[in-house]
Engineer: 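One structure, pasted below without further comment.
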Amino acid sequence: IDEDGKEIDSEIKKRTISIDLELYKQIPYKIVLLSGSHKAYAAHALLKGGYADILFLDYQLAKKLYYR
């Protein structure tokens with residue numbers, strides 16, 4: 001997922017078994033848990049792409065995301 005929350009066509013995508021992202025987005029409540037300030041890019045992409053309805057973050061990650 002890029003910084004705008006759009007899926008990237010990559011080699012890892014071709015080797016990963018998962019549901020289609022558009023189908024995933026239709027799940028009513030997507031709960032995501034992230035920890036670690038180094039995951040700010042991923043958290044931002046999840047939010048921007050609409051991939052999380054409920055997001056649990058640790059303090060350091062929340063702080064980094066807030067001041068991004």
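Hydrogens, waters and symmetry mates play no part in the numbers below; they use all other heavy atoms, side chains included.
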Engineer: Using a cut-off of 6.0 Å, state whether more than 12 heavy atoms not belonging to Lys25 lie near its atom NZ.
Structural biologist: yes

Engineer: With the 4.5 Å side-chain cut-off for hydrophobic clustering, are Tyr24 and Leu55 part of the same group?
Structural biologist: yes

Engineer: Is Tyr67 isolated, or which residues cluster with it under the ILVMFWY side-chain rule of less than 4.5 Å, directly or via members?
Structural biologist: Tyr66

Engineer: Any idea which heavy atoms bring Ser35 and Asp58 closest together, and the distance?
Structural biologist: OG-OD2, 3.0 Å

Engineer: How many angstroms lie between atom CG of Leu61 and atom CG of Leu34, to the nearest 0.5 angstrom?
Structural biologist: 6.0 Å

Engineer: Could you state the interatomic distance from CD (Glu7) to CG (Leu21), rounded to the nearest 0.5 Å?
Structural biologist: 4.0 Å

Engineer: List in chain and number order the residues that pass side chain to side chain donor-acceptor pair (under 3.5 Å) with Ser37, two or more places apart in sequence or in another chain; answer none if no residue qualifies.
Structural biologist: none

Engineer: Leu23: which residues meet the side-chain contact (heavy atoms from CB on, under 4.5 Å) condition with it, sequence neighbours left out?
Structural biologist: Ile19, Asp20, Gln26

Engineer: Heavy atoms, side chains only, cut-off 4.5 Å: are Leu33 and Ile31 in contact?
Structural biologist: no

Engineer: Give the table of side-chain donor-acceptor pairs shorter than 3.5 Å for residues 40-54, with sequence neighbours excluded, one pair per line with atom names and distance.
Structural biologist:
| residue | atom | partner | partner atom | Å |
| --- | --- | --- | --- | --- |
| Tyr41 | OH | Glu3 | N | 3.0 |
| His44 | ND1 | Arg68 | NH1 | 3.2 |
| Lys48 | NZ | Asp4 | OD1 | 3.1 |
| Tyr51 | OH | Gly5 | O | 2.9 |
| Asp53 | OD2 | Lys30 | N | 2.9 |
| Asp53 | OD2 | Lys30 | NZ | 2.8 |

